Amino acid sequence: MAFFGRPFYWSETLEQMYMIGIGSLYLIVLTGIFAGQGFALAFSVELADFGAKNYLGRIMAISIIRELGPVLAGLMIAARVAAGITAEIGAMKSTDQIDAMVAFGIDPIRKLVVPRLLALIIMVPALTILCDAIAIFGGYIIAVFIAHITATTYWSAVKERLIFGNLFIGIFKPIVFSFVIGFISTYFGFSSEGGTKGVGRATTSSVVVTSITILVVNFFITKVVFSLLKGWL
Amino acid sequence: MIEFKNVDFGYSDRLILCDISFKVAKNESVAIMGPSGSGKSTILRLLLGLECPHRGTITIDGMNICQMKEREKREIRKTMGMVFQNGALFDSLTVGENVGYYLIEHSDLEYAEISARVHEMIGFVGLNADEIIDKLPDELSGGMQRRVAIARALLSTNPKVMMYDEPTTGLDPESTKNILQLMQKLKKEREVSSLMVTHQIADAVSIADKFIVISGGEIAYDGKLDGLIRSKDERVVTFLTPFIESLAEVNREQFTSD
Ligand SMILES: Nc1ncnc2c1ncn2[C@@H]1O[C@H](COP(=O)(O)OP(=O)(O)OP(=O)(O)O)[C@@H](O)[C@H]1O
Ligand SMILES: [Mg+2]
């Protein structure tokens with residue numbers, strides 16, 4: 001099975017980037033704001049007990065960039081995009097559109113899978129970075145207005161943890177998640193069977209399997225990367 | 001030339017087609033008939049290489065479609081046109097994009113040229129191009145969708161094999177006539193072999209050089225019209241009985257026109 005090479009479908013890829021990227025924007029912004037603030041609120045209270053409020057920025061940076069941002073963004077995109085991809089491909093299959101495409105001498109893998117996968121590989125990390133930024137900014141609002149930490153204290157603590165190891169994990173995870181979302185959702189779409197009901201079943205399974213895989217893979221990446229990147233964390 | 005040789009095929013372990021053999025010569029039109037569920041559409045799917053037979057071979061110009069590499073299959077499919085039974089229009093593309101699909105994907109023609117050909121082809125199948133070209137397939141009636149599907153299959157650059165799965169079912173007589181004329185025109189102008197699955201015996205007679213009747217997964221008849229009408233095979237007789245009137249009419253027409 002040849003994934004890349006001619007013909008490469010540019011317009012499909014750009015269209016998917018738009019649908020995945022712009023389409024998920026509001027979801028990611030809301031997730032970032034509320035998850036970040038909730039997190040910051042809980043931590044600032046706990047840290048105050050130890051007189052360690054000034055560390056809020058560090059904790060926010062580490063937990064959001066390494067874990068919360070990638071996982072939340074990944075799960076949100078999985079719910080929205082994986083469902084969409086599986087349902088679309090499943091519906092195309094059940095109405096013979098995939099066969100029609102094949103009959104026209106088109107490779108459905110290149111036409112349908114590759115553009116979606118590439119769009120995910122670019123958009124999931126981009127959306128994750130945005131989610132991180134918004135969540136850390138949400139932490140800033142809590143820090144200044146509720147925990148009464150100065151802005152400088154918060155931001156310098158954040159900056160202290162913006163080091164290679166953390167940033168690497170923060171980008172590496174969403175790239176892996178984009179493969180998880182892309183492969184699982186297209187696979188379930190192509191293998192759906194049994195009409196509308198089958199498409200519905202495939203869509204549900206696709207979201208469930210993608211979400212769980214993201215959580216499991218996230219754990220293992222954290223574990224493996226921790227031991228590999230010990231010096232840079 | 002197309003050749004099916006001792007083909008067996010089934011889904012899971014249920015056998016649908018059993019020991020099917022027939023040939024379609026260059027520039028020959030074949031009508032495939034038979035009761036519902038007898039495996040007519042399956043024959044077309046096999047010929048496209050969408051499925052592969054469990055036993056036997058299917059060859060197009062001597063090449064076995066199931067032994068080809070994916071890339072070779074794609075190349076040979078570019079010379080085949082197929083009208084799916086349910087239309088199978090791309091529902092996220094407009095009517096115009098559907099009809100122009102082949103040219104958009106496989107030709108270097110200018111947009112204006114493609115657009116002109118799409119307009120012309122939509123007109124050929126009896127639809128108003130200006131009205132529907134920017135609509136989505138879902139906004140059309142069933143009969144209109146079927147005609148768009150036929151337009152889409154016909155608008156390719158060099159078809160060698162055309163497959164029509166019940167192209168005229170459910171259409172009004174006027175559109176049926178247009179579509180049959182279009183099929184005949186294509187046959188006259190280019191060297192295409194065509195396979196038409198149909199329940200409309202009158203349509204079959206007006207286009208086909210050869211008739212194949214499938215029954216119970218086997219070929220019950222393969223030959224010319226007169227043989228079909230005279231056939232004593234029980235399966236053929238059972239199949240033809242409901243059509244006796246239209247066949248008589250066809251015969252009358254043939255006598256008067258000769
Ligand atoms: N995807 C599939 N999985 C399992 N069985 C199938 C599948 N597609 C078709 N069949 C079975 O294969 C048999 C032949 O189907 P096919 O569509 O070729 O019939 P047909 O002769 O075209 O009938 P019709 O005139 O109603 O279109 C049917 O009994 C059908 O139940
Ligand atoms: Mg059929």
Side-chain angles (χ1 to χ4, degrees), chain A residues 1-20 23 81 83-116 119 185-186 189-196 198-199 203, chain B residues 11-12 41-42 44-51 65 68-93 97-108 137-138 145 148-150 152-153 155-165:
Chain A
M1 194 161 40
F3 253 74
F4 297 102
R6 281 182 58 88
F8 177 74
Y9 296 101
W10 275 107
S11 58
E12 274 80 2
T13 308
L14 292 177
E15 187 187 334
Q16 288 300 322
M17 281 173 65
Y18 180 83
M19 299 224 301
I20 294 169
V81 177
I85 291 178
T86 306
E88 188 182 2
I89 294 181
M92 288 184 79
K93 188 180 173 204
S94 78
T95 52
D96 284 346
Q97 289 178 58
I98 305 274
D99 286 337
M101 206 173 258
V102 172
F104 269 108
I106 302 283
D107 181 352
I109 301 289
R110 277 194 196 157
K111 183 89 178 174
L112 298 174
V113 178
V114 172
R116 283 165 178 74
S185 63
T186 49
F190 278 110
S191 57
S192 73
E193 233 155 57
T196 327
V199 175
T203 306
Chain B
Y11 290 103
S12 50
S41 300
T42 307
L44 301 187
R45 295 178 59 82
L46 285 163
L47 182 55
L48 265 174
L50 293 172
E51 320 278 354
I65 180 124
M68 290 182 187
K69 297 203 181 73
E70 279 304 318
R71 194 171 43 78
E72 295 168 325
K73 277 190 198 171
R74 283 202 294 279
E75 287 309 313
I76 198 154
R77 282 174 188 145
K78 288 181 193 172
T79 67
M80 303 165 97
M82 166 92 167
V83 178
F84 284 83
Q85 190 164 4
N86 58 9
L89 293 173
F90 301 121
D91 56 11
S92 59
L93 304 181
E97 288 166 331
N98 265 286
V99 175
Y101 197 79
Y102 185 95
L103 299 179
I104 295 168
E105 292 293 339
H106 299 310
S107 80
D108 301 324
D138 281 346
Q145 288 182 12
V148 171
I150 292 169
R152 180 178 73 175
L155 192 59
S156 55
T157 44
N158 57 342
K160 294 206 179 85
V161 180
M162 289 300 302
M163 285 164 271
Y164 309 91
D165 201 342

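A quick note: this is a predicted structure, and the numbers were derived from the prediction, not measured. To find a chain, count down the sequence lines: A is the first, B the second, and so on, and within it residues start at 1. Both backbone and side-chain heavy atoms feed into the values below; hydrogens, waters and symmetry mates do not.
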Checklist line | For A/Thr95, side-chain hydrogen bond (donor to acceptor under 3.5 Å, both in side chains) partners two or more places apart | finding: A/Gln97

Checklist line | Any A/Val102 side-chain heavy atom under 4.5 Å of B/Leu48 side chain | finding: no

Next item on the list: Could you check which of A/Asp96, A/Asp99, A/Ile98 has the highest count of heavy-atom pairs closer than 4.5 Å to chain B?
Entry: A/Asp99

Next item on the list: List the atom of B/Ala88, the atom of A/Ala100, and the distance in Å for their closest heavy-atom pair.
Entry: O-CB, 3.8 Å

Next item on the list: Check whether B/Arg71 gets within reach of chain A through its side chain, its backbone, both or neither, counting any heavy atom under 4.5 Å.
Entry: neither

Note to self: Applying side chain to side chain contact (heavy atoms under 4.5 Å, CB included) to A/Ile106 and B/His106, what does each step give before you reach the verdict?
What the structure shows: CA-CA 9 Å; A/Ile106 302 283; B/His106 299 310; 3.9 Å; yes

Check: Heavy-atom count around A/Glu193 CD within 6.0 Å, excluding the residue itself: above 12?
Finding: no

Checklist line | Part of B/Leu89 lying under 4.5 Å from any heavy atom of chain A | finding: backbone

Next item on the list: Please report the closest heavy-atom contact between A/Met101 and B/Tyr101, naming both atoms and the distance.
Entry: CG-OH, 3.8 Å

Check: With side chains defined as the heavy atoms from C-beta onward, is the minimum distance between A/Asp107 and B/Glu70 less than 4.5 Å?
Finding: no

Notebook entry, point to check: With a 4.5 angstrom heavy-atom cut-off, which part of B/Phe84 approaches chain A: side chain, backbone, both or neither?
Noted result: side chain

